[in-house]
Amino acid sequence: MERLQDRVAVITGAGGGIGLATAHRFAQEGAKVVCADVDETAGAQAAAEVDGLFVRADVSDEADVARLFQTAFDTYGSVDIAFNNAGISPPEDDSILTTGVDAWRRVQEVNLTSVYLCCKYAIPYMRRQGKGSIINTASFVAVMGSATSQISYTASKGGVLAMSRELGVQFAREGIRVNALCPGPVNTPLLRELFAKDPERAARRLVHVPLGRFAEAWEIAAAAAFLASDDSSFITASEFLVDGGISGAYVTPL
């Protein structure tokens, strides 16, 4: 399938996990991929793997984000897709009773302010051409509470969901679609590291997934490719859940 033939896609957090899997999927579907990451080694490797362009960017820095989208446009002549995916989930972000304000602010900057900045600088390019698809990575925790709290992470993803909904409505008549992709737990290095340190937390999460497993990064990438393509042309301002049924479950099936 080549649903994204010759479209220019900017992916943040492209150096690993969902971002890397999506870079591969977008490239397979014909897109010209701009891989953004704060990790120069991982980001450059991702770009090399998909014959794309690497741009080092700290997505919480406005100047870096502006330069990212300017570089994509200057290199390829358009910005058709923005997959605003970069995010962090540090161990110091835990219960509200123990999470310090510095940890709170850092997670908000990387997970929420970065999405604000990426949308702010992607939309003007899309308005010029009268079309575009923005996919913002939220989470299933944006729509339901978690007993194993990461308070700033959860709040940031709720903000991503609300912002995506508003932007999807605001720019719909200009041909720009904005959706929030809400993955369930995904088998990525970030999750594996977290759960290696706390197997009990991992077990508590996994037991509540009706499909009985964590998602693979390529499965989230497939959903992102759908939202980026014209196959989703009537979908905007949505919360697109790819969570193995976790948000729809009342009890875990036997």
Under 3.5 Å donor-acceptor pairs involving side-chain atoms of residues 117-126, not counting sequence neighbours:
from: Tyr121; atom 1: OH; to: Glu62; atom 2: OE2; distance (Å): 2.5
from: Tyr125; atom 1: OH; to: Gln70; atom 2: OE1; distance (Å): 3.0

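- Ion pairing of Asp230 with Arg7 is present here, as a side-chain N (NZ or NE/NH1/NH2) and a carboxylate O approach within less than 4.0 Å.
- Looking at residues two or more places apart in sequence or on another chain, you find no side chain to side chain donor-acceptor pair (under 3.5 Å) involving Gln170.
- No side-chain N or O of Asn84 forms a donor-acceptor pair with one of Thr12 less than 3.5 Å apart.
- Side chains of Ile11 and Val34 form no contact here, defined as non-hydrogen atoms less than 4.5 Å apart.
- Taking 4.0 Å as the cut-off between side-chain N and carboxylate O, Arg25 and Glu29 count as a salt-bridged pair.
- Taking every heavy atom of both residues into account, Ala57 and Ala36 meet most closely at CB-CB, 4.5 Å.
- Every residue was checked against the side chain to side chain donor-acceptor pair (under 3.5 Å) condition with Thr22, not counting sequence neighbours, and none meets it.
- With sequence neighbours excluded, the residues forming a side-chain contact (heavy atoms from CB on, under 4.5 Å) with Ala237 are Arg165, Val169, listed by chain and number.
- Looking only at side-chain heavy atoms (C-beta outward), Asn136 and Val178 come within less than 4.5 Å of each other.
- Gln108 and Ser152 share a side-chain donor-acceptor pair at under 3.5 Å.
- Side-chain contact between Asn111 and Lys157: present, with at least one pair of heavy atoms (C-beta onward) separated by less than 4.5 Å.
- Looking at residues two or more places apart in sequence or on another chain, you find a side-chain contact (heavy atoms from CB on, under 4.5 Å) between Thr99 and Asp93, Asp94, Ala103, Ile151.
- Applying the side chain to side chain donor-acceptor pair (under 3.5 Å) definition to pairs two or more places apart or across chains, those involving residues 175-185 are Arg177-Ser232, Asn179-Ser238.
- A donor-acceptor contact closer than 3.5 angstrom links the side chains of Gln150 and Ser89.
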